[in-house]
Amino acid sequence: MFETQYNEEMEAEVRRLDAKQRAISAGHPEWDNACKICSCRLEGTRDAICVTCVLSPK
């Protein structure tokens, strides 16, 4: 049980750090997250791509 909780916390921390790095790369260090394709601001740290970029044809 402890191992599962630890793994979940570490995964969340990695997501948070990745999201923060995307925001910094987008030129907005004050943001918590940015889309990796269009660099728009994202709420939360779960997603790496905004809805617009997910739905747009490639």
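Residues: numbered from 1 along the sequence shown.
Judged purely by distance below 3.5 Å, without hydrogens or angles, the side chains of N33 and R41 never pair a donor atom with an acceptor atom.
Using a 4.5 Å cut-off on side-chain heavy atoms (C-beta onward), E13 and L17 make contact.
Taken to the nearest 0.5 Å, the NE2 atom of H28 stands 12.0 Å off from the CD1 atom of I24. The distance from atom OG1 of T45 to atom CZ of R16, rounded to the nearest 0.5 Å, is 8.5 Å.
Within 6.0 Å of the NZ atom in K36, the count of heavy atoms belonging to other residues, nucleotides or ligands does not exceed 12. Heavy atoms from other residues, nucleotides or ligands lying under 6.0 Å from CD of E43 number 12 at most.
Looking at every heavy atom in both residues, W31 comes nearest to S39 through CZ3-O, 3.5 Å.
The residue from T52, I49, D47 that alone fulfils the side chain to side chain contact (heavy atoms under 4.5 Å, CB included) condition with C35 is I49.
Grouping the Ile, Leu, Val, Met, Phe, Trp and Tyr side chains by contacts below 4.5 angstrom, directly or via other members, places V54 with I37.
Sorted by first and then second residue, the pairs that involve residues 1-11 and meet side chain to side chain donor-acceptor pair (under 3.5 Å), not counting sequence neighbours, are Q5-E9.
Side-chain atoms of K20 come within 3.5 Å of backbone N or O of P29 as a donor-acceptor pair.
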